[in-house]
Amino acid sequence: MRKFLVYVGGAIIFSVFVAGFIAYFITSFNAETHTWFDGFGRPLSESPLLMRFMFGQDRLWTGWGWFLADMVIFWGGVAVGFGLVSYGSKDAKVQDDAS
């Protein structure tokens, strides 16, 4: 059962990296409305000066709300995934040593 948590944690980590790639590296342009969209279909606007200096954000972005949500989802997913992998692999080693 604990080994299953390693796979679930790995899947979560992989999923948040794929979602991050889709959100930040895939864009589309609607010629009718002259609007850029990210990989999830969220409209993009020019990033503010603060984001350009602090985070090196040269691209378009979705806004403060989505930026914060993306960071919480990404880093939270990495933390949960890493925790599951760590917990599952630690317990699996203990069981292997006991055998």
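Please read all numbers here as calculations on a predicted model, not as lab measurements. As a basis for the values below, the full set of heavy atoms in this structure was taken, side chains included, without hydrogen atoms, waters or symmetry mates.
Val85 has its side chain out of reach of Leu5: every pair of non-hydrogen atoms, C-beta onward, lies at least 4.5 Å apart. Contact of the Ser28 side chain with the Trp36 side chain is not registered, since no non-hydrogen atoms from C-beta on lie closer than 4.5 Å. At least one side-chain heavy atom of Met51 sits under 4.5 Å from a side-chain heavy atom of Phe67. Ile26 places a side-chain heavy atom less than 4.5 Å from the side chain of Phe21. A heavy-atom distance below 4.5 Å is not found between the side chains of Thr27 and Leu60.
No donor-acceptor pair under 3.5 Å is formed between the side chain of Asn30 and the backbone N or O of His34. Of the possible polar contacts, one joining the Thr35 side chain to the Thr33 backbone as a donor-acceptor pair under 3.5 Å is found. Without hydrogens or angle criteria, Arg2 side chain to Ser89 main chain gives no donor-acceptor distance under 3.5 Å.
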Criterion side chain to side chain contact (heavy atoms under 4.5 Å, CB included) on Tyr7 and Ile12, from CA distance to verdict
CA-CA 9 Å; Tyr7 297 121; Ile12 291 172; over 6 Å; no

Do Arg42 and Asp70 pass the side chain to side chain contact (heavy atoms under 4.5 Å, CB included) test, and can you show the C-alpha distance, the side-chain angles, and the key distance before you say yes or no?
CA-CA 12 Å; Arg42 303 176 295 187; Asp70 288 346; 3.1 Å; yes

Anything under 3.5 Å between a donor and an acceptor, one on a side chain of residues 72-83, the other on a protein residue two or more places apart or in another chain? List them.
none

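Phe37 and Phe40 fall into different hydrophobic clusters, defined by Ile, Leu, Val, Met, Phe, Trp and Tyr side-chain heavy atoms under 4.5 Å apart, directly or through other members. Following chains of ILVMFWY side-chain contacts shorter than 4.5 Å, one can reach Tyr24 starting from Phe17, so the two form part of one hydrophobic cluster.
No more than 12 heavy atoms of other residues, nucleotides or ligands shown are found within 6.0 angstrom of CZ on Phe25.
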